[in-house]
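Single-structure report; data block below.
In this chain, residues are counted from 1 in sequence order. Remember, it's a predicted structure, so these values are computed and weren't measured experimentally.
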Amino acid sequence: MAIRLLPPVLVNRIAAGEVIERPAAAVKELVENAIDAGASRIDIVLKEGGQALISVADNGAGMTRDELGLAVERHCTSKLPDDDLSRIAALGFRGEALPSIGAVSRMRILSRPPDTENAWEIRVEAGEKQAPLPAAHPSGTRVEVRDLFFATPARLKFLKTPRTERDLVLDTVRRLAMAYPAIAFAVTGDEERVLLKLAAATGTGVASARRPRLAALLGRDFAENSVEIDAERGGFRLSGLAGLPTLNRALPRDQYLVVNGRPVRDKLLVGAVRAAYQDVLARDRHPIVALFLDGPPAEIDVNVHPAKAEVRFREAGLVRGLIVGALRNALAAAGHRASRQFAFPPASPSLAFAEAGNKFLRPIEGTEPATATAQPEGAPLGTARAQLHGTYILAETANGIVLVDQHAAHERLVYERMKDALAANGVARQVLLLPEVVELDEAAAARLAARAEELGEFGLVLEPFGPGAVVVREVPALLPGVDVAALVRDLANELAEWGDALALKERIETVCGTLACHTSVRAGRRLSPVEMDALLRQMEATPNSGQCNHGRPTYVALDLADIERLFGRR
């Protein structure tokens with residue numbers, strides 16, 4: 001067949017397939033236009049998940065009659081004043097959104113600039129544009145999109161249920177609302193049901209305005225159990241909130257990145273967040289973060305994807321390092337702090353106390369019960385009063401109580417000491433009086449023997465001892481009384497999982513975590529009051545001690561107000 005030029009209507013429909021794949025994409029483009037127009041309020045109406053109707057109204061700058069006629073033509077935009085694609089300052093810039101939507105729907109736009117008396121209306125149906133007509137409308141713009149994809153029926157087959165499409169629209173609006181807390185948003189669904197309503201933030205600074213918006217979108221638990229992020233590097237600034245490790249999820253869906261006001265989905269964020277939390281969270285758990293990155297437009301390419309859902313950084317390593325470093329520093333600065341809400345929720349305190357009765361508390365065997373002595377000055381975790389079930393330390397604070405998981409807490413302390421030792425002069429070793437032979441299968445023994453030199457850097461000295469066995473001659477001095485056989489078998493299993501691709505130093509967090517877990521104070525071990533208080537003081541002085549290496553809390557705090565509520569005093 002001969003090469004020919006496609007008709008403009010067909011070109012627009014092809015473009016629509018790249019930009020507008022579902023109702024959420026249409027809403028994203030229209031809301032971005034409203035934000036670019038300087039709106040302080042945006043109202044969205046959906047019918048049948050957006051397939052029957054999408055209406056987006058704003059109080060922004062509006063358009064004149066001539067601008068309205070150009071707005072529905074391809075590649076017409078007001079957002080590139082210097083025609084410089086390397087310095088894009090607006091959310092939209094391609095000039096494809098409105099013509100693409102109009103090519104596959106029945107679209108009506110009403111608009112009036114604030115300084116004019118007359119509004120204008122234009123209609124586009126399946127790509128056919130009508131002439132603008134006078135209309136009645138307040139200042140701002142309203143875009144109505146009806147019967148989305150009626151002109152391309154094949155696209156309708158790929159849509160999900162109206163409820164699913166509605167939820168995707170809500171996710172899109174939430175992401176944009178997260179980036180622009182000074183704008184009020186409202187989303188109304190079928191039967192005029194309010195799906196989302198967000199008031200404009202009234203805070204004076206960006207951070208003060210952002211926290212209530214994030215609390216409304218991600219939950220008050222996140223706002224109350226997160227740390228502030230504020231860091232700069234190489235012309236980029238990173239701000240936002242990062243959840244404490246004990247507040248985590250099974251999936252990474254609650255991780256948000258906004259780049260120069262543009263919500264994006266970027267693999268760089270997922271990888272950087274995982275690296276930052278890798279020694280405070282289990283591998284199958286994910287933190288909640290909302291990060292806002294601002295940098296020179298010339299260093300960020302937003303012209304990567306037709307839907308502008310991705311960005312590319314000129315120096316990706318610099319940005320990744322900024323995210324990892326900022327998160328790690330903020331988490332370390334949080335010290336022993338743990339969230340008051342956990343992914344592994346504790347049982348109801350009132351139920352636990354009621355079921356246990358008086359036997360729940362008992363003095364440590366062979367010691368006198370702790371007295372009502374004065375609280376150590378500047379000791380947030382208070383004074384140890386008792387040990388419960390050989391597992392938990394009960395401490396009294398100035399305004400409540402703290403319950404500490406002794407194994408989880410000590411595991412974190414040993415882990416942090418081991419990392420510090422590795423970073424300094426290496427892990428000190430302790431020679432075993434009697435070397436211990438550990439029986440394994442031949443493959444496991446061979447894997448350990450092959451990594452013997454690397455394991456020695458962690459303080460574990462072993463060598464082959466015939467087929468299917470190794471002999472351990474030295475262990476880390478930080479691990480007195482360790483179960484050598486169990487430790488060696490666990491390391492052998494981990495080496496089998498990792499393969500030979502990475503050096504153990506690249507797995508430092510996992511190796512240190514395994515070593516720390518095997519030597520920590522075990523559940524069931526009786527501790528003296530002096531030992532318990534020493535553990536509390538070390539926790540207060542150790543970074544990340546609010547959670548163990550797997551992201552579980554090391555302690556739970558109850559204020560007096562919490563306790564009084566349990567007993568009906570409040």
Side-chain angles (χ1 to χ4, degrees), residues 211 214-215 218-229 240-256 270 273-291 324 326-349 352 380-382 388 391-395 397 400-416 419 509-510 512-513 516-517 520-521 523 535-536 538-559 562:
R211 187 176 281 272
L214 292 177
L218 299 179
R220 184 167 294 177
D221 290 345
F222 171 70
E224 293 177 351
N225 298 294
S226 57
V227 293
E228 292 275 358
I229 304 296
L241 295 177
L244 294 171
T246 42
L247 188 70
N248 53 66
R249 298 286 185 264
L251 297 172
R253 60 171 177 257
D254 286 335
Q255 296 179 3
Y256 303 91
V270 177
V273 170
R274 179 176 291 278
Y277 281 81
Q278 65 184 351
D279 68 341
V280 292
L281 265 184
R283 281 174 287 180
D284 60 344
R285 305 299 298 182
H286 304 273
I288 307 173
V289 297
L291 302 177
V324 173
L327 288 174
R328 283 183 172 173
N329 290 338
L331 293 175
H336 67 272
R337 182 182 169 200
S339 69
R340 296 181 64 85
Q341 299 291 331
F342 307 112
F344 311 93
S348 166
L381 296 182
L388 315 179
T391 303
Y392 304 102
I393 298 170
L394 179 65
T397 64
I401 62 173
V402 168
L403 197 62
V404 177
D405 181 330
Q406 65 189 40
H407 172 68
H410 195 244
E411 183 179 351
R412 167 58 67 181
L413 299 180
V414 174
Y415 175 77
E416 293 294 339
K419 282 204 308 179
E509 287 84 4
T510 306
C512 287
C517 186
S520 300
V521 173
L535 184 64
L536 298 178
Q538 290 172 38
M539 288 176 65
E540 291 164 350
T542 302
N544 303 315
S545 62
Q547 56 278 320
C548 73
N549 311 337
H550 313 293
R552 291 188 290 271
T554 57
Y555 74 91
V556 175
L558 284 176
D559 294 336
D562 298 327

> If you measure from CD1 on Ile288 to CG on Asn225, what distance do you get to the nearest 0.5 Å?
Replying inline: 9.0 Å
> Who pairs with Tyr277 by side-chain hydrogen bond (donor to acceptor under 3.5 Å, both in side chains), at least two apart in sequence or on another chain?
Replying inline: none
> Has the side chain of Asn329 got a donor or acceptor atom that lies under 3.5 Å from a matching backbone atom of Ala326?
Replying inline: no
> Is a side-chain N or O of Arg412 found less than 3.5 angstrom from the main chain of Gln547, in a donor-acceptor match?
Replying inline: yes
>> For the backbone of Thr246 and the side chain of Arg285, can you confirm whether one donor and one acceptor N or O come within less than 3.5 Å of each other?
In response: no
> Nearest 0.5 Å, what's the CG-CZ distance between Leu214 and Arg220?
Replying inline: 13.5 Å
>> Which residues pass the salt bridge (charged side-chain N to carboxylate O under 4.0 Å, His left out) test with Asp254, not counting sequence neighbours?
In response: Arg249
>> On a heavy-atom basis, which atom in Thr554 and which in Cys548 lie closest, and how many Å separate them?
In response: CG2-N, 3.4 Å
>> Is the shortest side-chain heavy-atom distance between Asn544 and Pro245 below 4.5 Å?
In response: no
>> Show the nearest heavy-atom pair for residues Met539 and Ala409, with the distance to one decimal.
In response: SD-CB, 3.6 Å
> Does Gln255 have any side-chain hydrogen bond (donor to acceptor under 3.5 Å, both in side chains) partners at least two apart in sequence or in another chain, and if so, which?
Replying inline: none
>> Quick check on side-chain contact (heavy atoms from CB on, under 4.5 Å): which of Val324, Val289, Leu281 does Val273 satisfy it with?
In response: Val289
> For Tyr555, which of Asp405, Ile393, Leu403, Val402 qualifies under side-chain contact (heavy atoms from CB on, under 4.5 Å)?
Replying inline: Val402
